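Read through the structure below, which is laid out as structure tokens, and then see the notes.
The chains referred to below are lettered A, B, ... by the order of the sequence lines, with proteins before strands, and numbering in each begins at 1. Predicted model only: the values in this text are computed from it and were never measured. No hydrogens, no waters, no symmetry mates; every other heavy atom, side chains included, goes into these values.
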Protein chains: 2
Amino acid sequence: MQPGVALTLRGIAADFGVSMTPAREAVRRLSAEGALQVSKSGRVTTPEPNNERLEELAALRALLEPELASRALPRAHNVLIDRMENINDQIDQMILQNDAAAYVRLNQDFHRSLYLRAQAPAMLAMVETVWLQSGPTMRRLYGQKQQQFASINHRKILAALRAGDEPGLRLAIREDVINGLRLLGS
Amino acid sequence: MQPGVALTLRGIAADFGVSMTPAREAVRRLSAEGALQVSKSGRVTTPEPNNERLEELAALRALLEPELASRALPRAHNVLIDRMENINDQIDQMILQNDAAAYVRLNQDFHRSLYLRAQAPAMLAMVETVWLQSGPTMRRLYGQKQQQFASINHRKILAALRAGDEPGLRLAIREDVINGLRLLGS
DNA sequence: CATGGTTGTTTGTGATCACATTTTTACGTC
DNA sequence: GACGTAAAAATGTGATCACAAACAACCATG
């Protein structure tokens, strides 16, 4: 969804073929998570990302995701790492096929499949909230030259996982996040 | 509000003298923030805190709050520090008066007044979400012997702020958080 | 042509209702 | 007395409606 778009409850309801009530609840939830902005008059829009906001979201990811990865590391067996490698291969394909939506989705799947092992639901929920907030700008990320770095960073993550290298894992995750979001702001 | 309480939409609506609709929206928002649990059948309860959850919330605070404090430090002038000292004096009074609700509220005011200076709304919103999730258990915290540490930790925070000591500030915040929540879990 | 006010439309909010599902209660059987 | 079952009450969900506020379009006036 493009940033800066105005939503109306009746419009959303009509789009999904439901009444206003479910649309209202969905909007309420998304705005509570920061994925949507509500003006004082109740109008709903997708937030327009500025550089400060992007830097903040990147900092949040850089704080939370290494911690989640570190907690997941003791429980990351080879089966999981293989699956992550598989996801990464699919990411490479999506980059070649120029499929932005699938790229973003697979990228999150890659990270989430690791973080799920951290046994930290509240922390994971918080990271997913940040992902949701940075979602619209992730679409812009695609098409930039940085996307090819993602695969390289992911390989570093996988290597650190296989080696059981906790500091290396934290660093690789951090680099992946920084490359993904913070560079976009400048 | 006690942990483990069951809420009904009609009950909430009746308590506040409104219809079901506003109650539903409030519940939706609070559950999106993790402050309320919804079962698969839609029943709403306040989450029962277990040790894993407490440890997680403490870890989140320990990650986020030092960062917020560090960002606020360059903008923390004497006027702000004086106000925080004032809040801390009120906290001491509330401890003497055994007013649990006021104690928790003032404690959050103390931290929030500093973090507001960080100019990081998304990060602050995330911390407030954690506070909200740990709110019910904070009530239990009161009455334990740890509460008296809060004032000592807060004094360390104030001293680090006045000295412009960034590492000391991070450490003091971290200690305050750890003492406040993590000790409660064990 | 710019501008301010007026009217008409759109939009969010709160309320009420019907319905399906779940939960609780009551009862009868073993 | 315990347990399973059926009836009854309660609950969440989605829909629809009235209403007030906000917005947009329009027109008259300078």
Side-chain angles (χ1 to χ4, degrees), chain A residues 1-50 53 57 105 121-122 124-126 128-137 139, chain B residues 1-50 52-53 56-57 121-122 124-126 128-137 139-140:
Chain A
M1 183 166 262
Q2 292 291 334
V5 182
L7 283 321
T8 65
L9 294 184
R10 286 174 176 84
I12 298 170
D15 288 348
F16 288 86
V18 295
S19 95
M20 285 175 58
T21 313
R24 273 163 71 175
E25 302 202 349
V27 164
R28 278 292 186 284
R29 176 181 159 194
L30 288 171
S31 58
E33 290 177 349
L36 290 178
Q37 268 179 339
V38 296
S39 75
K40 54 215 155 211
S41 72
R43 257 35 181 240
V44 180
T45 55
T46 53
E48 196 76 59
N50 50 22
R53 185 179 162 84
L57 295 177
R105 183 170 44 77
L124 178 57
M126 213 132 279
E128 301 226 28
T129 292
V130 180
W131 288 347
L132 199 62
Q133 292 185 49
S134 52
T137 67
R139 294 288 294 268
Chain B
M1 184 166 261
Q2 292 292 333
V5 182
L7 283 322
T8 65
L9 295 184
R10 286 173 175 84
I12 298 170
D15 287 348
F16 288 88
V18 294
S19 95
M20 284 174 59
T21 313
R24 273 162 72 174
E25 303 202 349
V27 164
R28 280 292 187 282
R29 176 181 158 195
L30 288 171
S31 57
E33 290 177 346
L36 290 178
Q37 268 179 340
V38 295
S39 74
K40 54 216 156 210
S41 72
R43 256 34 181 247
V44 180
T45 55
T46 53
E48 196 77 58
N50 50 23
E52 295 79 28
R53 185 178 163 86
E56 222 187 318
L57 295 177
L124 178 57
M126 213 132 281
E128 300 227 28
T129 292
V130 180
W131 289 346
L132 200 62
Q133 293 185 49
S134 52
T137 67
R139 294 287 295 269
R140 285 194 183 165

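No donor-acceptor pair closer than 3.5 Å links the side chain of Gln37(B) to the backbone N or O of Thr46(B). Although no hydrogens or angles enter the test, the distance criterion places no donor-acceptor pair under 3.5 Å between the side chain of Thr45(A) and the main chain of Pro47(A).
Contact of Thr21(B) with dA15(C) (side chain to base): a donor-acceptor pair of N or O atoms is detected under 3.5 Å. For a distance-only test at 3.5 Å, the side chain of Arg24(A) fails to qualify as a donor-acceptor partner of the base of dG14(D).
dG14(C) atom P lies 12 Å from atom CE of Met20(A), rounded to whole Å. In this structure, Glu25(A) places its CD atom 14 Å from C1' of dG14(C), rounding to the nearest Å. In this structure, the CZ atom of Arg29(B) is 18 Å from the P atom of dG12(C), given to the nearest Å.
With dT13(C), dT23(C), dC23(D) as the choices, the nucleotide that has an atom nearest any side-chain atom of Arg43(B) turns out to be dT23(C).
From Leu9(A), atom CG reaches atom CZ of Arg43(A) across 9.5 Å, with rounding to the nearest 0.5 Å. Remark: Gln133(B) CD to Glu56(B) CD distance equals 8.5 Å, nearest 0.5 Å.
Comment: Arg29(A) engages Glu33(A) in a salt bridge, judged by a side-chain N to carboxylate O separation of less than 4.0 angstrom.
The stretch residues 7-19 of chain A touches DNA chain C through Leu7(A), Thr8(A), Leu9(A), Arg10(A), each having a heavy atom under 4.0 angstrom from the strand.
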Would you check, one step at a time, whether the test side-chain contact (heavy atoms from CB on, under 4.5 Å) holds for Leu132(B) with Leu30(B)?
CA-CA 9 Å; Leu132(B) 200 62; Leu30(B) 288 171; 3.9 Å; yes
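The residue among Ser41(A) and Pro22(A) whose nearest nucleotide of DNA chain D lies closer to the 5′ end is Pro22(A).
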